[in-house]
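Data first, discussion second: the structure below is written as structure tokens.
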Amino acid sequence: MSSNPEETAPYGGAPTGSTTATAPKAPIKRIRTQHLREMKERGERFSMLTSYDQLTAQVFDEAGIEVLLVGDSASNNVLGNTTSLPITVDELIPLTRAVSGAVSRALVVGDLPFGSYQASPEQGYLTAVRFMKEGGAHCVKLEGGVEMAPQIERMTRGGIPVMAHIGFTPQSEHALGGYRVQGRGATADRVLRDAQAVQEAGAFAVVMEMVPGDVAAEVTSKLDIPTIGIGAGKECDGQVLVWQDAFGLRTGRLPRFVKQYADLRSVLLDAARAYDSEVKDGSFPAPEHTF
Ligand code: KIV
């Protein structure tokens, strides 16, 4: 064991606090559900990203992202499944704990996976309790509108803040007939009804996925709770993206609503190739890396 407290723990370990030596030391206010509502009332936008691990959570928290979602998209982006359906509560809770333990400011949302809340309000409540107790989540997210009102009411009554998710809901991919924009034409009313039902049931915010911009704008103006868009245009109160999509770690065709802010895959690929070639030509480790 090193006696130098500055030294990073071997293999990553568990560094605490800011990732930047020059980060401000001012007390950081924790984002609470009511702060998002106050931001909506003031006409201020907020941002949300997925995060599934300690180190990205620290970086996104330091960047000022208000909300971190430990999404069931970890199924595709961490566990290598092709959809979000297979991931389990037992697989998501440790990721939630890693994220909630790493942030000092962001609101951490635990995403209830497929099959863990749809059966009944009681099933949903008990699952949500696990995310709060074992995962350290500050609130939970579930997919569905009108039909999920009893679940949202039960959780809210039991002291658990709920973020709803309407429009395209990936857990219902097969029921919805694939990845499709929801709420076009005559079905726009359905999106509004879902939004009003989840607000009425007690949700503190609602994600709208793949909904036409004008429909999302109307929902946003009619609701008191904040809306968070993903493929729902610029009028939502907040925006969310899956971080591997936004920062270019994932390859392949990205949905149209994703903007890529970095090309991390190329950065990592170049670094891995440089390491590989230095190991093979004997230039790593150099004397300064050797005890
Ligand atoms: O799991 C997830 O990443 C999500 C976002 C797409 C909102 O639900």
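None of the values given here were measured: they were computed from a predicted structure. Counting starts at 1 for both ligands and their atoms, following the listed order. The figures that follow rest on heavy atoms only: side chains count, while hydrogens, waters and symmetry mates do not.
Between the side chains of D53 and T56, at least one donor N or O sits under 3.5 Å from an acceptor N or O. Between the side chains of T88 and D90, not a single donor N or O lies within less than 3.5 Å of an accepting N or O.
Ionic pairing of E153 and R157 is not present here: no N-O contact between side-chain nitrogen and carboxylate oxygen is shorter than 4.0 angstrom. Taking a cutoff of 4.0 Å between a charged side-chain nitrogen and a carboxylate oxygen, E147 and R190 qualify as a salt bridge. The existence of a salt bridge linking D276 and K280 is confirmed by a sub-4.0 Å separation between a basic side-chain nitrogen and an acidic carboxylate oxygen.
Interface of H165 with ligand 1, defined as ligand atoms under 4.0 Å from a residue heavy atom, comprises 7 (C), 8 (O). Of all atoms in ligand 1, numbered sequentially from 1 with element shown, those under 4.0 Å from a heavy atom of V242 are 3 (O). Against a heavy-atom cut-off of under 4.0 Å, I230 is close to the following atoms of ligand 1: 6 (C). Residue G71 approaches ligand 1 through these ligand atoms, each under 4.0 Å from one of its heavy atoms: 1 (O), 2 (C).
Ranking the protein heavy atoms by distance from atom 7 (C) of ligand 1 puts L69 CD2, 3.8 Å first. In terms of protein heavy atoms, atom 3 (O) of ligand 1 is closest to S73 OG, 2.5 Å.
Heavy atoms of K141 come nearer than 4.0 angstrom to ligand 1 in at least one pair.
Between Y261 and F247, the ring planes lie perpendicular to each other; the angle is over 60°, past the 30° to 60° tilted range.
The main-chain N or O of S47 is found under 3.5 Å from a side-chain atom of E66 such that the two form a donor-acceptor pair.
Proximity of E143 to ligand 1, defined as any heavy-atom pair under 4.0 Å, is not found for any part of the residue. Under 4.0 Å from ligand 1, heavy atoms of D72 appear from its side chain as well as its backbone.
Residue T50 has no N or O atom closer than 3.5 Å to an N or O atom of ligand 1. Residue E209 has no N or O atom closer than 3.5 Å to an N or O atom of ligand 1.
Remark: Y275 OH is loosely packed, at most 12 non-hydrogen atoms of other residues, nucleotides or ligands lying under 6.0 Å away.
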